[in-house]
> 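Take a look at this one; I'll ask things after.
Note that the structure is a prediction, hence the values are computed from the model and not measured. Atoms within a ligand are numbered from 1 in the order they appear, just like the ligands themselves. Reckoned from all heavy atoms, side chains included, excluding hydrogens, waters and symmetry mates.
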Amino acid sequence: MIVKKKDIRALTKEQLRNFFVENGDKAFRGNQVYEWLWHKAAHSFDDMTSLSKATRKMLDENFVINHIEVDTMQRSNDGTIKNAIKLHDGLIVESVLIPTEKRTTACVSSQVGCSLDCKFCATARLKRMRNLNADEIYDQVVAIDKQSRLYHNHKLSNIVFMGMGEPLMNYNNVIKAIDKITSEEGLGMAARRITVSTSGVPKIIKKMADDEVRFNLAVSLHSAIDEVRTSIMPFNATFPLKDLKEALEYWYEKTNRKITYEYVVWNGINDRKEDIDALVRFCSYVPCKVNLIEYNPIDDGEFQQASDRALNNYISNLEMNDIVVNVRRSRGKDIDAACGQLANKS
Ligand code: SAH
């Protein structure tokens with residue numbers, strides 16, 4: 001009989017400790033292995049050199065370490081690196097390293113493909129195959145941190161969950177991964193350096209507030225008018241702006257932390273005065289700032305970045321209303337590594 005070995009990283013530290021006790025060893029051995037698995041991100045039991053050969057063999061007989069591999073790596077002329085990451089079952093996701101003058105940011109994926117159907121996003125054209133496990137999310141960060149050290153001589157500074165997938169539809173694994181990323185037993189990164197970006201699942205936003213998470217929340221808004229938003233993000237029909245507003249108010253009440261709205265302005269879609277007015281109104285509900293993102297064409301011409309004049313209209317109206325607004329230029333466009341361009345082209 002072939003017994004399928006269990007992924008050892010699905011075990012909690014307590015379960016690992018128990019495993020050793022049940023097998024006649026000390027609980028402490030579990031801590032050692034846990035450190036190898038997470039802090040040192042070992043890919044094989046043979047790498048765990050502080051364990052005896054017999055222990056390594058015993059682990060190998062019972063478990064596997066499912067780990068990711070950087071399948072291909074592309075470097076943009078602006079320094080952005082896009083990785084195609086191969087998962088243990090052969091599926092591919094993409095993760096990006098974005099360098100700026102002082103920082104490096106990892107843009108990581110939370111699902112293989114995406115179940116949302118945003119009309120302007122390349123990932124939407126991939127079927128959602130499955131959620132990523134916590135260790136697969138964690139491993140992307142480890143891989144990008146290595147690239148940051150190698151190419152930029154310093155550790156990774158920030159993480160954004162803006163790669164493939166909708167993180168709030170894989171909430172448990174995203175939270176588990178962030179726990180590992182922020183804990184001293186993992187990467188020891190500060191939660192305030194992490195941003196989770198969502199199209200806005202009201203129930204989960206409330207749950208996050210209840211869970212007292214410490215990372216930042218960004219919402220891909222793109223329109224504050226239901227009719228318009230539903231036409232470009234069909235998901236809005238199920239979770240309309242009224243519910244989103246209520247969830248965001250709850251979030252702010254509980255966490256006291258500002259929200260970032262991501263917003264692309266397109267020709268003929270959301271470039272009217274009433275679109276701007278609606279955004280200004282939406283921004284009055286909860287303390288926030290707006291990031292105007294440059295549109296990255298996904299080659300079917302339906303969506304076009306609005307003119308600078310339209311953009312400036314947004315900026316002046318927001319500023320007139322004391323709303324902080326930043327314009328975000330795209331990075332890594334030449335290698336399809338920018339927001340919404342991740343689609344496993346290679
Ligand atoms: N599902 C999550 C995270 C992934 S998308 C979310 O919706 O936030 C990350 C960001 O890229 C979102 O703000 C999304 O709206 C934006 N985006 C998607 N396609 C884009 C494109 N073609 N050009 C610019 N931004 C895009």
> Looking at ligand 1, is there an atom of it that comes within less than 4.0 Å of some heavy atom belonging to M164?
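Flag not set, M164 not near ligand 1.
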
> For ligand 1, which atoms, with element, lie under 4.0 Å from some heavy atom of F161?
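Numbered from 1, ligand 1 contributes 3 (C).
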
> We want to know whether R17 and N31 form a side-chain donor-acceptor pair, criterion being a heavy-atom distance below 3.5 angstrom.
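Yes.
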
> Within a distance under 4.0 Å of any heavy atom of Y295, pick out the atoms of ligand 1 and give their elements.
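In order of number, 21 (C), 22 (N), 23 (N).
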
> So if I count the atoms of ligand 1 from 1 in the order they appear, which ones are less than 4.0 Å from some heavy atom of E294?
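Once the distances to E294 are compared, the set is 24 (C).
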
> Counting from 1, what ligand 1 atoms have a heavy atom of C121 closer than 4.0 Å?
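Those qualifying, in numeric order: 18 (C), 19 (N).
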
> Whether the side chain of S157 engages the backbone of T104 through a donor-acceptor N/O pair (distance < 3.5 Å, no angle test) should be reported.
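Judged by distance alone, yes, a pair lies under 3.5 Å.
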
> Between T198 and ligand 1, find which residue part has any heavy-atom pair under 4.0 Å and reply side chain, backbone, both or neither.
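Backbone only.
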
> Which of the atoms in ligand 1, numbered in the order shown and given with their element, are less than 4.0 Å from a heavy-atom of S220?
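Those qualifying, in numeric order: 6 (C), 7 (O), 8 (O), 12 (C), 13 (O), 14 (C), 15 (O).
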
> Y314 and D275: side-chain donor and acceptor closer than 3.5 Å?
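No, D275 and Y314 have no side-chain donor paired with an acceptor closer than 3.5 Å.
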
> Within ligand 1, which atoms have a heavy atom of G165 less than 4.0 Å away?
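Near G165, the atoms of ligand 1 are 1 (N), 2 (C), 3 (C), 4 (C).
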
> Return a yes/no value for F120: is any of its N or O atoms, backbone included, closer than 3.5 angstrom to an N or O of ligand 1?
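Yes.
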
> Check this for me: does any side-chain nitrogen of one of D277 and R281 sit under 4.0 Å from a carboxylate oxygen of the other?
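No, this pair does not count.
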
> Using a strict 4.0 Å cut-off to heavy atoms of E262, name the atoms of ligand 1 that fall inside it.
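The atoms of ligand 1 under 4.0 Å from a heavy atom of E262 are 10 (C), 12 (C), 13 (O).
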
> Can you check which of M169, R328, M162 brings a heavy atom nearest to atom 5 (S) of ligand 1?
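Result: the heavy atom closest to atom 5 (S) of ligand 1 is in M162.
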
> Does a donor on one side chain sit under 3.5 Å from an acceptor on the other, for S110 and E166?
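Short answer, no.
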
> Let me know which of N313, V265, L318 forms a side-chain contact (heavy atoms from CB on, under 4.5 Å) with I276.
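Filter result, single survivor: N313.
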
> Using a strict 4.0 Å threshold on nitrogen-to-oxygen distance, state whether K40 and D47 make a salt bridge.
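Result for this pair is no, no salt bridge flagged.
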
> Answer yes or no for H222: is there a heavy-atom contact with ligand 1 below 4.0 Å?
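Heavy atoms of H222 do come under 4.0 Å of ligand 1.
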
> Hey, does G200 sit under 4.0 Å from ligand 1 if you only count heavy atoms?
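In this structure, G200 fails to qualify as a contact of ligand 1 - no heavy atom is under 4.0 Å.
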
> At a 4.0 Å threshold, what atoms of ligand 1 neighbour a non-hydrogen atom of G163?
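With G163 as reference, the close atoms of ligand 1 come out as 4 (C).
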
> Looking only at heavy atoms, is any part of F303 under 4.0 Å from ligand 1, and if so is it the side chain, the backbone, or both, or is it neither?
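It is neither part, as no heavy atom is under 4.0 Å.
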
> When you measure from the centre of the six-membered ring of Y138, is the NZ or CZ of R9 under 6.0 Å away and within 45° of the axis?
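No.
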
> Show every salt bridge (Lys or Arg N to Asp or Glu O under 4.0 Å) that has at least one partner inside residues 167-185, sequence neighbours left out.
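Sorted result for residues 167-185: K13-E185.
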
> Parallel, tilted or perpendicular, judged at 30° and 60°: which one describes the rings of Y295 and F303?
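Correct class here is tilted.
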
